[in-house]
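Only heavy atoms go into these numbers, but all of them, side chains included; no hydrogens, no water, no symmetry mates. Whatever order the structure lists ligands and atoms in, that order sets their numbers, starting from 1.
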Amino acid sequence: MKANVVEQTDGSAQTGTDAPDAAERIVDLRKRIDEIDNALIALWQERAALSQQVGRTRLQSGGTRLVLSREREILERFREALGADGTQLALLLLRAGRGPL
Ligand SMILES: O=C(O)C(=O)C[C@]1(C(=O)O)C=C[C@@H](O)C=C1
């Protein structure tokens, strides 16, 4: 393994380049990537909690655990926007909320 693919002593991952300008740019770009990842994690958790609330509300009112037409709508939206990966992502999102089928 190359020395520049291990972690630095401060715990941050190395940039993978020895060129200082490129390393600086990479560190900068990674800041935004980390912000986006944190936002995605928070949104993921919020969505799962909302989905569970919807499920509880429906079950307590005598309704069904799932609404497959709604799931199809969501899967289609993600597929249209992101292609096959979107479908996989939507399947994971749905599972995070309502649990496995
Ligand atoms: O929208 C609903 O009716 C939900 O229960 C939420 C949700 C979802 O996570 O989006 C979860 C389960 C249902 O089968 C459909 C959609």
Residue shell for ligand 1, any heavy atom closer than 4.0 Å, reads Arg47, Ser51, Val54, Arg58, Leu66, Val67, Arg70, Glu71, Ile74, Leu94, Arg98
Within one Ile-Leu-Val-Met-Phe-Trp-Tyr cluster: Leu43 and Leu82, side-chain cutoff 4.5 Å = no
Residue pairs passing the salt bridge (charged side-chain N to carboxylate O under 4.0 Å, His left out) test with at least one member in residues 51-71, sequence neighbours excluded, are Arg70-Glu73, Glu71-Arg98
Those residues at least two apart in sequence (or on a different chain) that pass salt bridge (Lys or Arg N to Asp or Glu O under 4.0 Å) with Glu24 are none
So the salt bridge (charged side-chain N to carboxylate O under 4.0 Å, His left out) pairs with at least one residue in residues 33-51 (sequence neighbours excluded) are Arg32-Glu35
Original post:
Going by an N to O cut-off under 4.0 Å, is there a salt bridge joining Arg77 and Glu80?
Top reply: no
Only residue of Leu68, Leu66, Val67 satisfying side-chain contact (heavy atoms from CB on, under 4.5 Å) with Thr64 is Val67
